[in-house]
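Here is the naming used below: chain letters follow the sequence lines, and residue numbers restart at 1 for every chain. Computation of the quantities below employed the complete heavy-atom set of this structure, encompassing side-chain atoms and omitting hydrogens, waters and symmetry-equivalent molecules.
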Protein chains: 2
Amino acid sequence: MYSFTEENYLKAIYKLSDNNGSGVSTNSIAENIQTKAASVTDMIKKLSDKKLLKYEKYKGVNLTQKGKDVAIQTIRKHRIWEVFLHEKLKFGWEEVHEIAEQLEHIQSELLINKLDEFLGYPTHDPHGDPIPGENGEFHNNAFVSLDTVEANKKVILSGVINHSVPFLQHLKKIDLTLGQKLMVIEINEYDRSLKLLLNGKIEIFISNEVAKNILVK
Amino acid sequence: MYSFTEENYLKAIYKLSDNNGSGVSTNSIAENIQTKAASVTDMIKKLSDKKLLKYEKYKGVNLTQKGKDVAIQTIRKHRIWEVFLHEKLKFGWEEVHEIAEQLEHIQSELLINKLDEFLGYPTHDPHGDPIPGENGEFHNNAFVSLDTVEANKKVILSGVINHSVPFLQHLKKIDLTLGQKLMVIEINEYDRSLKLLLNGKIEIFISNEVAKNILVK
DNA sequence: ATATAAATTTAGATTTGTCTAAAATTAATA
DNA sequence: TATTAATTTTAGACAAATCTAAATTTATAT
Ligand SMILES: [Mn+2]
Ligand SMILES: [Mn+2]
Ligand SMILES: [Mn+2]
Ligand SMILES: [Mn+2]
């Protein structure tokens with residue numbers, strides 16, 4: 001139905017939208033998708049012709065419902081494949097994204113629904129991001145970032161904000177993976193770095209920078 | 001490394017080669033890949049520049065070792081994905097090929113090796129075709145077509161020659177699927193149609209046309 | 001051997017997606 | 001407000017893969 005490239009543009013625009021009707025800028029798309037602004041303008045015209053987005057010259061773009069649907073289905077496929085790679089093939093959470101970038105473009109509704117069933121209808125991907133349903137419904141996460149949690153409250157690591165490979169590798173190294181039970185036991189006033197207790201046993205220290213990029217519930 | 005299109009050409013040429021050094025013709029490639037002869041000539045030049053095949057004008061092409069390697073790895077990926085779709089996602093053997101045509105182009109050696117492991121290192125795909133190893137080694141099947149089997153000999157359905165969807169659907173409908181134990185109990189001289197005994201219980205009739213396209217061991 | 005047919009290649013276009021450089025528009029600043 | 005800066009668009013080109021129509025080469029048949 002739609003090309004890899006078209007799906008990638010729609011996904012990028014979807015992620016860059018703040019739903020304030022503000023219009024996603026050409027430059028931000030170019031940066032996100034690693035291409036040049038001129039190329040973005042060209043593609044935008046094509047997507048506009050196909051009624052996937054609304055485009056006003058120099059004013060940025062907004063996805064139509066049709067465009068959002070395609071973007072969300074692509075994200076759904078991406079995240080379901082990530083679960084497969086992590087749960088079944090035992091890829092690390094820092095490895096799954098790159099491969100899912102390819103798999104998300106496989107065209108077969110039946111495939112993704114059967115895969116979803118095979119995985120037991122997962123609700124979140126290996127990074128804690130929610131998996132939209134078959135009809136695009138999004139149950140939003142009510143996670144908070146770890147640097148806002150008060151001391152002595154038990155929480156569970158449920159997601160990350162920074163999805164970069166080095167960050168995910170670092171967390172894995174210090175045993176901070178999805179589902180980890182933890183408690184903030186000390187907040188240093190000076191730099192807001194934290195002392196955590198993992199599983200009620202091991203104590204570790206993390207910087208505020210790291211804490212800000214961890215989501216818990 | 002190589003584009004979808006390049007991999008598809010190499011796979012087609014590999015399958016059309018009889019290893020008699022005879023050179024695969026432009027037309028046969030065009031037919032196989034559903035394109036026009038002129039397009040094939042263009043692509044052949046490109047693949048020749050990349051040392052994936054040897055090309056002599058008007059004389060057809062022969063894959064180099066490098067070209068064969070790419071073709072075999074693509075076939076390996078195709079067949080491993082077919083096993084996954086059939087065994088894990090419960091797709092029918094007539095449904096897997098089309099989706100595997102897409103999945104075979106996913107680029108990640110690690111992915112295919114982990115998938116292979118996850119599936120328990122299968123040796124054959126859902127159609128009985130052998131799966132080449134990581135280093136391209138091919139253990140050749142010693143199957144014979146059912147129309148050459150003598151009466152009252154127990155055999156196992158181990159593959160098919162015709163891979164078309166209607167043929168595979170038909171076999172499934174009459175319970176002739178991979179692994180089925182059967183015995184030829186009657187060969188009609190007139191049209192060489194057969195009476196089979198399935199699992200030592202059920203009797204069915206098949207035409208010679210069908211028998212010729214079934215492989216057993 | 002010559003004529004005809006079939007297969008193959010070339011020439012010239014087209015589509016998709018990209019790019020650079022230049023022009024146009026909008027935003028920022030003095 | 002006038003000038004500069006940043007952003008965006010246009011113009012023109014290019015690579016990949018494809019096509020049609022015409023030219024060339026090889027195969028087949030008289
Ligand atoms: Mn991802
Ligand atoms: Mn993810
Ligand atoms: Mn197949
Ligand atoms: Mn197969």
Side-chain angles (χ1 to χ4, degrees), chain A residues 1-13 16-18 20-63 67 70-71 74 101-102 104-107, chain B residues 1-13 16-18 20-63 67 70-71 74 101-102 104-107:
Chain A
M1 196 64 178
Y2 300 103
S3 71
F4 282 33
T5 310
E6 288 170 326
E7 287 184 348
N8 283 336
Y9 269 91
L10 293 170
K11 204 169 53 128
I13 296 165
L16 292 167
S17 301
D18 14 353
N20 301 341
S22 47
V24 178
S25 76
T26 303
N27 256 1
S28 65
I29 298 169
E31 196 185 351
N32 186 283
I33 225 163
Q34 309 244 64
T35 186
K36 296 296 152 71
S39 309
V40 173
T41 303
D42 287 343
M43 178 57 71
I44 274 172
K45 286 176 184 162
K46 200 178 134 189
L47 297 175
S48 179
D49 290 344
K50 294 192 179 181
K51 311 281 185 207
L52 292 161
L53 50 78
K54 283 214 183 72
Y55 171 49
E56 245 188 297
K57 259 194 202 173
Y58 294 101
K59 297 282 169 71
V61 297
N62 284 103
L63 293 182
V70 176
T74 307
E101 283 291 306
Q102 297 182 61
E104 72 188 6
H105 302 295
I106 301 293
Q107 282 174 335
Chain B
M1 195 65 178
Y2 299 104
S3 71
F4 282 33
T5 310
E6 288 170 328
E7 287 184 347
N8 283 337
Y9 269 90
L10 293 171
K11 204 169 52 127
I13 296 166
L16 292 167
S17 301
D18 14 353
N20 302 340
S22 47
V24 178
S25 75
T26 303
N27 256 2
S28 65
I29 298 169
E31 195 185 352
N32 185 284
I33 224 163
Q34 308 245 63
T35 186
K36 295 297 153 71
S39 309
V40 172
T41 302
D42 287 343
M43 178 57 72
I44 274 173
K45 287 177 184 164
K46 201 177 132 188
L47 297 175
S48 179
D49 289 346
K50 294 191 180 182
K51 312 281 185 206
L52 291 160
L53 50 79
K54 284 217 182 70
Y55 171 49
E56 246 187 298
K57 258 194 202 175
Y58 294 103
K59 296 283 168 70
V61 298
N62 285 102
L63 293 182
V70 176
T74 307
E101 283 291 306
Q102 297 181 62
E104 72 188 6
H105 302 293
I106 301 293
Q107 282 173 336

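Annotation: side chain of B:Glu104 is in contact with side chain of B:Asn8 (closest heavy-atom distance under 4.5 Å).
Using a 4.0 Å cut-off, no side-chain N or O of A:Lys36 falls inside it from OP1 or OP2 of D:dT8. Distances shown here put every side-chain N or O of A:Asn27 at or beyond 4.0 Å from the OP1 or OP2 atom of D:dA6. Between C:dT9 and B:Tyr55, a contact under 4.0 Å exists linking OP1 or OP2 to a side-chain N or O. Between D:dT26 and B:Lys57, no contact under 4.0 Å exists linking OP1 or OP2 to a side-chain N or O.
Closest to the A:Tyr58 side chain, of the nucleotides C:dC19, D:dT25, D:dT9, is D:dT9. The side chain of B:Tyr9 lies closest to D:dT18 when the candidates are D:dT10, D:dT18, D:dT20. Checking C:dT10, D:dT10, D:dT18 against the side-chain heavy atoms of B:Thr35 singles out D:dT18 as nearest. Closest to the B:Thr26 side chain, of the nucleotides D:dT8, C:dT9, D:dC19, is C:dT9.
Using a 4.0 Å heavy-atom cutoff across all strands shown, B:Thr41 reaches at least one base atom of the nucleic acid. Here A:Ser39 lies in heavy-atom contact (under 4.0 Å) with a base. As judged by a 4.0 angstrom heavy-atom cut-off over every strand, B:Lys59 is placed among residues making no nucleic acid contact. No contact: B:Phe4 has no heavy atom under 4.0 Å from any strand.
Under the 30°/60° scheme for interplanar angles, the aromatic rings of A:Phe4 and A:His105 are found to lie parallel.
Rounded to an integer number of Å, the gap from CG of B:Asp49 to P of D:dA15 is 14 Å. Here C:dT9 presents its C1' atom at 10 Å from CD1 of B:Ile44, a figure rounded to the nearest Å. Remark: P of C:dT9 and CD1 of B:Ile29 are 9 Å apart, rounded to the nearest angstrom. If you take CD of B:Glu6 and C1' of D:dT18, they are 15 Å apart, rounded to a whole angstrom. Here D:dT20 presents its P atom at 13 Å from CG of B:Asp42, a figure rounded to the nearest Å. Atoms NZ (B:Lys50) and P (D:dA15) sit 13 Å apart, rounded to a whole Å.
Interatomic distance, A:Asn62 CG to A:Asn20 CG, rounded to the nearest 0.5 Å: 10.0 Å.
Mapped onto DNA chain D by nearest heavy atom, B:Met43 and B:Ala38 fall at different nucleotides, with B:Met43 at the one closer to the 5' end.
Environment of CD in B:Gln107: crowded, with over 12 heavy atoms of neighbouring residues, nucleotides or ligands closer than 6.0 Å.
Side-chain atoms of A:Ser48 do not come within 3.5 Å of backbone N or O of A:Ile44 as any donor-acceptor pair.
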